[in-house]
Structure formats: structure tokens, C-alpha cells
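Values below: every heavy atom of this structure, side chains too, minus hydrogens, waters and symmetry copies. In what follows, chains are A, B, ... by sequence order, proteins preceding strands, each numbered from 1.
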There are 2 protein chains.
Amino acid sequence: MTSGQPLPHSQEPTLTIAQVVERTGLSHDTLRYYEKAGLIQRVGRTTGNQRRYAMADLAWLEFLIRLRETGMSIADMQRFAQLRARGDATVPDRLAMLREHRADLADRIHALRRNAAALDDKIGHYERLLDQPGSDDLT
Amino acid sequence: MTSGQPLPHSQEPTLTIAQVVERTGLSHDTLRYYEKAGLIQRVGRTTGNQRRYAMADLAWLEFLIRLRETGMSIADMQRFAQLRARGDATVPDRLAMLREHRADLADRIHALRRNAAALDDKIGHYERLLDQPGSDDLT
DNA sequence: GTAGAACCTGGAGCGCGCTCCAGGTCAAGC
DNA sequence: GCTTGACCTGGAGCGCGCTCCAGGTTCTAC
């Protein structure tokens with residue numbers, strides 16, 4: 001993590017699409033869709049035009065998965081990926097996006113916890129109904 | 001809340017669809033869709049066939065909204081609504097559904113919190129990049 | 001009585017995030 | 001060399017949860 005210069009044409013190991021499917025849980029189609037959508041920059045190819053993913057591609061995919069799992073839309077991921085492709089100058093914008101997303105996420109987690117508490121109440125209500133039946137509940 | 005016998009033809013106040021829209025945040029179309037889908041039993045009508053929602057309908061809608069906000073699918077809500085329509089005998093089944101949903105919810109909340117922590121790490125990474133620039137990051 | 005807003009119905013359409021398909025090319029083992 | 005499976009592309013299709021539309025009826029205010 002000191003130089004940061006990406007090694008050009010390094011002999012770093014690469015992965016076939018099947019291996020990336022296995023490691024990420026994304027499907028072949030989703031991987032191709034993400035590439036077509038610009039979420040991931042065009043991935044390296046063999047002379048026969050088959051994809052070979054670098055470890056950096058894998059790391060980026062895993063980050064995308066995290067964004068998706070926390071509810072970021074494809075459109076926003078596209079925006080983030082475009083910023084990233086433009087290089088270091090966009091770090092402040094990317095940071096701002098992540099902070100906003102993080103704040104949204106905090107809100108959603110809080111809402112879920114409130115709803116979870118209300119569900120617990122409802123469950124308690126049903127449990128009481130089972131203990132003392134015959135009250136003909138319609139709730 | 002002692003008898004539980006639903007009052008037939010009571011003079012309980014009712015709400016127009018516009019009032020329910022206002023109170024629930026659901027749209028006219030969503031309310032009609034939920035009724036058509038069987039999520040809510042056919043709601044009372046005026047002689048002119050316009051809907052009049054009872055307060056119990058409102059309470060049930062609010063519960064449905066909670067289920068939806070916690071990620072329950074329409075199909076599962078349909079199952080729950082059908083159980084409810086079959087009366088007290090299905091209380092154990094409804095309780096089981098709610099408990100399962102609650103457990104799923106707990107899992108999802110935990111996953112979100114883990115992802116939130118990872119996002120915080122990423123944000124910290126970007127903040128450090130901004131403090132000591134020039135490292136040509138592509139992450 | 002009349003205007004205009006609110007409401008009704010069945011059914012088509014939409015945005016999202018994939019998923020599937022057809023028809024072909026490429027690569028690895030025998 | 002041949003087979004077989006993995007991979008390629010562009011584009012159509014799908015499931016979900018609504019949302020919109022057309023064309024008609026009802027309600028409310030004046």
C-alpha cells in the first residue's frame with residue numbers, strides 16, 4: 001500500500017468468470033450485466049476474448065456487492081463507478097456519496113429496529129391470545 | 001376490547017379512500033391493488049359503491065405497511081391475510097409466520113450492521129486519502 | 001339542476017434488477 | 001483432430017410492486 005502505481009501487464013493471477021461466480025455469488029449474467037452497465041470497467045480478455053478477472057476486479061465487485069446489499073441502486077453505483085474511473089480528483093465526491101449512503105443506511109436500520117419492536121409487540125399479542133383463547137381476535 | 005363481537009352495521013366513523021391515502025401514505029392505486037390482491041378484505045361501500053374504510057381496516061393497513069417495510073413479500077402478506085380471514089383457529093399459524101419473519105428481520109438487521117461497519121472502514125480509508133493525497137488510489 | 005371534483009372498474013404499462021435465449025466461438029482432454 | 005463444456009454477444013423476457021389510463025358513475029357545493 002505504499003506505491004499505488006498499478007503494475008502494467010503484471011503476471012498477477014487472474015480468474016475466469018466461473019471462478020468469480022463461485023467467489024462472489026453473482027451469476028454469469030449479473031457479472032456481464034454489471035460490466036455492460038459500467039459498474040465495472042471492461043475486464044481483461046484472453047486472445048480468444050474470454051474474460052480474465054484481476055484480483056482488483058474481485059475486490060471492487062465485493063465492494064459493489066456491499067453497496068447493493070445496503071440498498072444502493074444500480075444508478076447510484078454507476079455514478080460512483082464513473083467517479084472512480086475519473087481518478088483521484090473525485091475522491092471528495094466519492095467520500096460525500098459514501099457518507100450520504102451511510103447516513104441513509106443508519107436511518108433504515110433505525111426504522112427496521114422500530115418495526116422489529118412493533119412486530120415483537122404483535123407476537124406478544126398473539127402469544128397472549130393462545131394462552132387465553134376464545135376472544136375472537138381479528139387483528 | 002372485551003366482547004370481540006364485531007358490531008354489525010355500527011355507526012362507527014368511516015373514512016373515504018382519500019382520507020386513508022392521507023393517513024397511510026399509500027396511494028389510491030395501491031389501496032385498490034391491495035384489496036384486489038386480497039391483502040385487505042373487501043372494504044365497505046356506500047350505496048353508490050364508493051369505499052368507506054372502518055378504523056379496523058386502517059389498523060390492518062398499518063400492520064400490512066409494517067410487514068412490507070420489514071421486507072415481507074406481497075405473496076406472504078396474502079398468506080397471512082388468508083389465515084386471518086379464516087379466524088381464530090389460525091392463530092398458531094399466524095404466530096409462526098410472524099416469528100419466522102421476525103427472525104429473518106433480525107438476520108437482515110445484523111447483516112446491515114456488518115455492512116455498515118465495512119462502509120465506515122471504507123469512509124475512513126477515503127478520509128485518510130484526502131489527508132495525505134497523491135497515492136493514486138483506485139479502490 | 002349543474003359543474004367539477006372525487007370515485008369506480010378492468011386492464012395495460014413501467015422501472016428495477018436481473019435472467020434467459022439463440023446462435024455462435026474458444027479451450028482442454030483424449 | 002474431435003468432442004465437450006465453458007464462454008461469447010445482443011437482445012428479449014420476467015417477477016415484483018406498484019402506477020397509469022380510459023371511460024364511466026357518484027358526490028358535493030352552489
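- In this structure, Phe80(B) and Phe63(B) have tilted ring planes: the angle between them lies in the 30° to 60° band.
- For the pair Gln19(A) CD and dA6(D) C1', the computed distance is 12 Å after rounding to whole Å.
- Protein atom CZ of Arg42(B) is 10 Å distant from nucleotide atom P of dC8(C), rounded to whole Å.
- When rounded to the nearest whole Å, the span between CG of Leu15(B) and C1' of dC27(D) equals 17 Å.
- For Ser73(B), the side-chain atoms get nearest to dG17(D) when compared with the rest of dG17(C), dG17(D), dC27(D).
- Nucleotides of DNA chain C nearest to Gly48(A) and Ala75(A) differ in position, and the one nearer the 5' end is that of Ala75(A).
- The distance between atom CG of Asp29(B) and atom P of dT19(D), rounded to the nearest whole Å, is 8 Å.
- Of the side-chain N and O atoms in Arg68(A), none sit less than 4.0 angstrom from OP1 or OP2 of dG17(C).
- Among the protein residues, Asn49(A) comes within range of the sugar-phosphate backbone only, with heavy atoms under 4.0 Å from sugar or phosphate atoms but none that close to a base.
- In this structure a side-chain-to-backbone donor-acceptor pair under 3.5 Å is present from Thr90(B) to Leu83(B).
- At a threshold of 4.0 angstrom between heavy atoms, the contacts of Arg32(A) include nucleobase atoms, whether or not backbone atoms are also involved.
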For DNA chain D, the dot-bracket notation using Watson-Crick and G-U wobble pairs below 3.5 Å, [ ] for pseudoknot-type crossings and | for other-strand pairs, is ||||||||||||||||||||||||||||||
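- Side chain of Gln19(B) to backbone of Thr16(B): a donor-acceptor contact under 3.5 angstrom is found.
- Atom-to-atom, CG of Leu31(A) to P of dG17(C) comes out at 16 Å; the value is rounded to the nearest Å.
- In terms of modelled atom types and a separation under 3.5 Å, the side chain of Arg45(B) and the main chain of Val43(B) share a donor-acceptor contact.
- Considering only the side chain of Lys36(B), dG10(C) comes nearest among dG10(C), dG11(D), dC8(C).
- Distances shown here put every side-chain N or O of Arg45(B) at or beyond 4.0 Å from the OP1 or OP2 atom of dC27(D).
- The OH-P distance, from Tyr33(A) to dC8(D), rounds to 18 Å in whole Å.
- Applying the 4.0 Å criterion to OP1 and OP2 of dC18(C), one finds that Tyr34(A) has a side-chain N or O inside that range.
- Within the 4.0 Å cut-off from OP1 or OP2 of dC7(C), not a single side-chain nitrogen or oxygen of Arg51(B) is found.
- Listed by first and then second residue, the salt bridge (Lys or Arg N to Asp or Glu O under 4.0 Å) pairs that reach into residues 104-117 of chain A come to none, sequence neighbours excluded.
- Tested against Leu64(A) for a side-chain contact (heavy atoms from CB on, under 4.5 Å), the candidates Leu39(A), Ile74(A), Thr24(A) yield a single pass: Leu39(A).
- A close approach under 4.0 Å does not occur between any side-chain nitrogen or oxygen of Thr16(B) and OP1 or OP2 of dA6(C).
- For His125(B) (side chain) and Asp121(B) (main-chain N/O), no donor-acceptor pair under 3.5 Å exists by modelled atom type.
- Atom P of nucleotide dC18(C) and atom CD of Glu69(A) are separated by 11 Å, given to the nearest angstrom.
- Between Gln50(A) and Ser27(A), the residue anchored nearer the 5' end of DNA chain C, judged by the nucleotide with its closest heavy atom, is Ser27(A).
- Atoms NE2 (His28(B)) and C1' (dA5(C)) sit 11 Å apart, rounded to a whole Å.
- OP1 or OP2 of dC27(D) sits under 4.0 Å from a side-chain N or O of Thr46(B).
- At the heavy-atom level, Arg52(B) lies nowhere under 4.0 Å from the strands shown.
- Residues satisfying the side chain to side chain contact (heavy atoms under 4.5 Å, CB included) criterion with Arg99(A), sequence neighbours excluded, are Leu95(A), Ile123(B), Glu127(B).
- Applying the 4.0 Å criterion to OP1 and OP2 of dC18(D), one finds that Thr30(B) has every side-chain N and O outside that range.
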